[in-house]
Amino acid sequence: MFKFIRIYIERIKNKNKISLNTYIKNFKNIKLEKNINIHSFVTLDATKGIIKLGNNVTLNRFCFINASKGNIFIGNGTEINTYTVINGTGEILIGNNVLIGPNAQIISYTHNFKDKNKTIKEQGIEKKRIIIEDDVWIGASAIILSGVTIAKGSVIGANSVVTKNTEPFSINVGVPSKKIGIRE
């Protein structure tokens, strides 16, 4: 019941539209600015981390925003499409006016696996921050891996896997993604 009261207060206070079908874990670590639109069946998990959404952010249906072991900061005017997974274990900073297509995955950690005498599970993980600067478009089903900075104005093609930093205003496609042009 308390969760619904907090959601209701946030909706009225900052003109936010938050579906009552939103799954929220640890609401006290979720910071919401104004005019946020959170559609049905979005998950916001801030168990041990912080989720901060800037003004005019839209989270479409079935997005999974997981800051259970790290932080996620999403800038003003950003829209995240359906079925996108954002895992902030190594921290994720998303700038202003970013468009993220459906089924994208942004994962800020990787599993260690070099020691063949131990299981991969026993070797732990390596956390690395992901930075997505302003005015970026990430296409449908793209994957952004840990430690990457996507520079301002970059375009990431659908189904691309980004393993390295991009250049400002570059167009990047493929597995692994490669620069194929510049926005003009």
Side-chain angles (χ1 to χ4, degrees), residues 1-11 13-14 16-34 36-96 98 100 102-115 118-133 136 138 142-150 161-163 165:
M1 181 67 168
F2 180 68
K3 175 183 130 181
F4 293 113
I5 294 169
R6 291 282 309 265
I7 291 172
Y8 187 73
I9 290 168
E10 284 294 328
R11 289 169 76 182
K13 181 175 78 172
N14 291 325
N16 293 326
K17 296 176 185 172
I18 303 171
S19 170
L20 293 178
N21 290 326
T22 301
Y23 176 72
I24 297 175
K25 197 166 181 184
N26 202 11
F27 197 85
K28 67 180 180 168
N29 285 354
I30 298 172
K31 313 297 182 204
L32 304 176
E33 295 297 326
K34 296 180 181 178
I36 291 169
N37 194 0
I38 300 175
H39 292 263
S40 298
F41 308 110
V42 167
T43 296
L44 298 172
D45 182 350
T47 306
K48 295 181 182 175
I50 294 170
I51 297 172
K52 182 176 180 192
L53 305 179
N55 295 314
N56 304 306
V57 167
T58 298
L59 303 178
N60 287 297
R61 293 169 53 102
F62 297 102
C63 287
F64 183 72
I65 312 297
N66 181 1
S68 64
K69 297 178 182 176
N71 301 318
I72 298 171
F73 301 100
I74 300 173
N76 300 329
T78 290
E79 182 169 352
I80 300 172
N81 225 306
T82 55
Y83 297 104
T84 291
V85 173
I86 299 177
N87 187 306
T89 298
E91 190 170 71
I92 296 175
L93 308 173
I94 299 175
N96 299 320
V98 172
I100 300 176
N103 296 306
Q105 296 182 48
I106 303 171
I107 311 297
S108 61
Y109 74 95
T110 188
H111 289 276
N112 297 318
F113 58 88
K114 291 184 179 180
D115 186 347
K118 292 183 180 179
T119 65
I120 294 170
K121 187 175 180 179
E122 291 176 310
Q123 295 181 57
I125 61 173
E126 183 178 358
K127 303 175 186 181
K128 290 185 180 177
R129 176 189 289 166
I130 293 174
I131 299 172
I132 300 171
E133 296 181 351
V136 166
I138 298 172
I143 299 173
I144 314 301
L145 296 179
S146 63
V148 168
T149 296
I150 299 180
V161 177
V162 182
T163 60
N165 297 346

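Because only heavy atoms are used, hydrogens play no part in the values below, and waters and symmetry mates are left out as well, while side chains stay in.
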*Can you sort out the partners of Val148 under side-chain contact (heavy atoms from CB on, under 4.5 Å), two or more places apart, ordered by chain and number?*
Ile144, Ile150, Val162, Asn165
*Of all heavy-atom pairs between Glu33 and Ile36, which one has the smallest distance, and what is that distance?*
N-CD1, 3.3 Å
Does [X] reach the side chain of [Y], with side-chain heavy atoms less than 4.5 Å apart?
{"X": "Leu53", "Y": "Ile38", "result": "yes"}
{"X": "Ile106", "Y": "Ile132", "result": "yes"}
{"X": "Ile94", "Y": "Ile100", "result": "yes"}
{"X": "Phe73", "Y": "Ile50", "result": "yes"}

_Checking Ser68 against Thr47: is there a side-chain donor and acceptor pair closer than 3.5 Å?_
no
*Exceeds 12 heavy-atom contacts within 6.0 angstrom, atom OH of Tyr83*: no
_Would you compute the distance between atom OH of Tyr23 and atom CG of Leu44 and round it to the nearest 0.5 angstrom?_
10.5 Å
_Among Ile51, Leu59, Asn66, Ile92, exactly one meets side chain to side chain contact (heavy atoms under 4.5 Å, CB included) together with Ile86. Which residue is that?_
Ile92
_I'd like to check the salt bridge (Lys or Arg N to Asp or Glu O under 4.0 Å) partners of Glu133; sequence neighbours left out, ordered by chain and number._
none
*asked:* I need the full list of side-chain hydrogen bond (donor to acceptor under 3.5 Å, both in side chains) pairs touching residues 53-62, with sequence neighbours left out, sorted by first then second residue.
replied: His39-Asn60, Asn60-Glu79
